[in-house]
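Worksheet: the structure to be examined is printed underneath.
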Amino acid sequence: MSDPRCVLEQVFFPPITIFTRLRRFSTVTFFRRETSEKGRRTFIHRRFFSVTVIIGQFDMESTHGHMRSIKLWPPSQTTRQLLVDRIVKNLTTPSILSRKYGLLSKEEVEEDAKQIESAAFSAANQHFEKEPDSDGASTVQVYAKESSKLMVEVVKRGPRPKEDREIIPDLLSDHEFVFDISGGRRAFIEAEEAKELLKPLKEPGNKYTKICFSNRSFGLPAAHVAAAILSNLKNQLTEVDLSDFVYRRPEPEAVEVMRMFSSALEGCELSYLNLSNNALGERGIRAFGDLLRSQENLVELYLMNAGISEEAAKALRDLIPSWKKLKILHFHNNMIGDGGAIAISQLVKESPVLEDFRCSLARIGSVGGIALAEALATCTLLKKLDLRDNKFGTEAGIALSRALSGHANLTEIHLGHLNLEDEATIAIANALKTSSSAIEALEMAGNAITSEAAPAIAACIASKQDSLTKLNLSENELKDAGATAIGQAVEEEEFGRLMMVDMSSNAVGSGGARILTKAVAGKPGFRLLNINGNFISYKGIEDVREILQNSPRMLGPLDANDPNGEDDDDDN
């Protein structure tokens, strides 16, 4: 399932249609200008993340019509109020998300809007204080991003009883606790820069509990500076992000930097730790030994694209003393193989409250897949499961089906490119059908599934008609018979939340394409039908487009379709 923020951007922030290009300022591209009655000041609007944010005022002292000075930050109080009004309007407008989470009333969001703007302004101001001589453009981006992020949280919270209408304090006060140097370009950091950049962490009485050093590469001199500061701060830290913080450093130096950070942070009671995008390997994991051995309360652990081998997975399993509170565990894009999967499965068994498990693109075969499936059977609170791009095969797929039958909380399941074939696919579909899980996203792409498994898949998705929003069966061999079964399943009115169906690259002909298109055409919240890469005739394409003539954007591109391919009977 994609991040709700992406949907929010498209729903709440329609593109601006009137722009005036402001010349001579390459860092600022598109604007809309509104001049006051006196003509002395001009408000400038700019789009960030599809949100219109009023970013400042231009002093209009001019010579021959050219402006002499520009100041993008801070905005005036009037400008800030305009943003508050915009937030209120966006939050109270009916949308796809309001159908899911409930429509908020104006009375309910007015105070929320003020606090959202205030929190976003505070976060942006902190950013601006670090670069007071800049034009404020990057500060405006922070202002827009924070506003958008907080709006998502309010929307997801949904309407509440009047007596409970107080925005969650942690949501908006969180900004004063976050120290983040990941913005800007990816670059090395030297000792003097580290001293200046990390100065706020040395201020007496600072409240920082969350740090992010991602995107900056620490060598030994800078690491000495950081370690000295962090050792005095570790008693208050709860979240640490050290992803991508030693890139392009020689391995001996990188390992020593890791060891220094680990020693400095030893004893932190962390709930969140991110070591992704570092070439850790077993040496890197053991370099973090001091830190890992002191962690008994981890809730989130991210080790994506981190060079985790079988040996590194075993070291990780042995170092962390307790996994009892872990809810999120991500191992995407590593080379753990079957041996590493067995080690990971052992720690999964020790994670009784695990809700989100990602072990995709990890070179796991049948033996490791079976071990993981058996471990996942014990995680009855699991909500999101992503095992894409492994080599499970039929036997591991059937083992996984047995594990999934007891999961009542699943909302997302991604099983693409696992070599499941029909037998394992049918077993998994049947298991999900009989479970009481309210699945929102189901993906089984690239599994050599034929029309033989289509009835089981159709029955499965029909049982999830109250919850399903995204269905991905691309890169299989379902053909027209399979497309017909899927189309007939989703055409029911109860599939009111369905937003996306991907049946691309399935050797579907014109008949199956028509049935799929008719099935989704009338759904109010539907956004995308992908039937590219199939064998739809020219006449079939015309028919599909005619069916969607009132909502042509629902239809994805057809540039990879082969109208001269092996098309089944047009009248099928």
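Just so it is clear, the values below take in all heavy atoms, side chains as well, and ignore hydrogens, waters and symmetry mates. Computed from a predicted model, the values in this text were never measured in an experiment.
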Practice problem: For residues A228 and N232, report the shortest heavy-atom separation together with the two atoms involved. | Solution: O-ND2, 3.3 Å

Practice problem: Let me see the working for F288 and L275 under side chain to side chain contact (heavy atoms under 4.5 Å, CB included), right down to the final yes or no. | Solution: CA-CA 10 Å; F288 275 109; L275 300 177; 3.8 Å; yes

Quiz prompt | Non-hydrogen side-chain atoms of K470 and L442 separated by less than 4.5 Å | solution = no

Quiz item: How long is the span from the CG atom in D389 to the SG atom in C359, to the nearest 0.5 Å?
Solution: 11.5 Å

Self-check item: Test item: F218 and V225 side chains (from C-beta on) under 4.5 Å apart, heavy atoms
Solution: no

Quiz item: Is a side-chain donor or acceptor of S262 paired with a backbone partner of L291 at a separation under 3.5 angstrom?
Solution: yes

Self-check item: From R358 atom CZ to I328 atom CD1, the distance as rounded to the nearest 0.5 Å
Solution: 12.5 Å

Quiz item: Does the side chain to side chain donor-acceptor pair (under 3.5 Å) test come out yes or no for K383 and N409, once each step is laid out?
Solution: CA-CA 5 Å; K383 295 179 180 179; N409 299 298; over 6 Å; no

Quiz item: Under the 6.0 Å and 45° cation-pi test, does R216 pair with F188?
Solution: no

Self-check item: Donor-acceptor under 3.5 Å (Q295 side chain, L270 main chain)
Solution: yes

Quiz prompt | Short N-O contact, E355 and K384, less than 4.0 angstrom | solution = no

Quiz item: Does E443 reach the side chain of H414, with side-chain heavy atoms less than 4.5 Å apart?
Solution: yes

Exercise. Inspect the surroundings of CD in E493 and state if more than 12 heavy atoms from other residues, nucleotides or ligands are less than 6.0 Å away.
Key: no

Quiz item: Once you round to the nearest 0.5 Å, how far does OG of S276 lie from CG of D241?
Solution: 7.5 Å

Quiz item: Checking S435 side chain against A408 main chain: does a donor-acceptor pair fall under 3.5 Å?
Solution: no

Self-check item: Point-to-point distance, once rounded to the nearest 0.5 Å, from NZ of K210 to CZ of F177
Solution: 8.5 Å

Practice problem: Take Y208 and E203, measure what side chain to side chain contact (heavy atoms under 4.5 Å, CB included) needs, and give me the verdict at the end. | Solution: CA-CA 10 Å; Y208 294 116; E203 295 176 358; 5.8 Å; no

Practice problem: Kindly compute the distance separating CD1 (I413) from CZ (R388), expressed to the nearest 0.5 Å. | Solution: 11.5 Å

Practice problem: Sort out for me which residue in N333, D244, N305 forms a side chain to side chain donor-acceptor pair (under 3.5 Å) with N277. | Solution: N305

Quiz item: Any side-chain heavy atom of I461 sitting closer than 4.5 Å to one from L432?
Solution: no

Quiz prompt | Pairwise side-chain contact, M304 with F331, heavy-atom cut-off 4.5 Å (strictly under) | solution = no

Quiz item: Where does the angle between the aromatic ring planes of F213 and F261 fall among parallel (under 30°), tilted (30 to 60°) and perpendicular (over 60°)?
Solution: perpendicular

Self-check item: L382 and D356: CA distance, side-chain angles, deciding distance, side chain to side chain contact (heavy atoms under 4.5 Å, CB included) verdict
Solution: CA-CA 6 Å; L382 197 66; D356 184 346; 6.0 Å; no

Self-check item: Close side-chain approach of C379 and V348, heavy atoms under 4.5 Å
Solution: yes

Quiz item: How long is the gap from OG1 on T517 to CG on L548, to the nearest 0.5 Å?
Solution: 5.5 Å

Self-check item: Residue pair S243 / S214, side-chain donor-acceptor N/O under 3.5 Å
Solution: yes

Quiz item: For Q81, does the CD atom sit with more than 12 other heavy atoms under 6.0 Å from it, leaving out its own atoms?
Solution: yes

Exercise. Identify the two heavy atoms, one from N206 and one from L201, that lie closest to each other, and give their separation to 0.1 Å.
Key: ND2-O, 3.1 Å

Quiz item: Taking all atoms of both residues into account, what is the closest heavy-atom pair of S294 and G267, and its distance?
Solution: OG-N, 3.1 Å

Quiz item: Under 3.5 Å, is there a donor-acceptor pair linking the side chains of H332 and S360?
Solution: yes

Quiz prompt | Heavy-atom closest pair, residues N334 and L303 | solution = ND2-O, 2.8 Å

Quiz item: L273 and L292: side chain to side chain contact (heavy atoms under 4.5 Å, CB included), yes or no, with the steps?
Solution: CA-CA 10 Å; L273 179 61; L292 296 176; 3.9 Å; yes

Self-check item: Check: L326 and V299 side chains under 4.5 Å, non-hydrogen atoms
Solution: no

Quiz item: Does Y143 reach the side chain of E117, with side-chain heavy atoms less than 4.5 Å apart?
Solution: yes

Exercise. Kindly give the heavy-atom pair with the smallest separation between E239 and S271, and that separation in Å.
Key: CG-OG, 4.0 Å

Exercise. Of all the heavy-atom pairs spanning K324 and V353, show the shortest one and how long it is.
Key: O-CG2, 3.4 Å

Practice problem: Please say whether more than 12 non-hydrogen atoms of neighbouring residues, nucleotides or ligands are located less than 6.0 Å from NZ in K234. | Solution: yes

Exercise. Return yes if some donor-acceptor pair links the side-chain N/O of K195 with the main-chain N/O of A226 below 3.5 Å, else return no.
Key: no

Self-check item: is_close_aromatic(Y272, Y302), centroid dist under 6.0 Å
Solution: yes

Quiz item: Is it true that a side-chain atom of K464 and a backbone atom of S437 form a donor plus acceptor pair closer than 3.5 Å?
Solution: yes

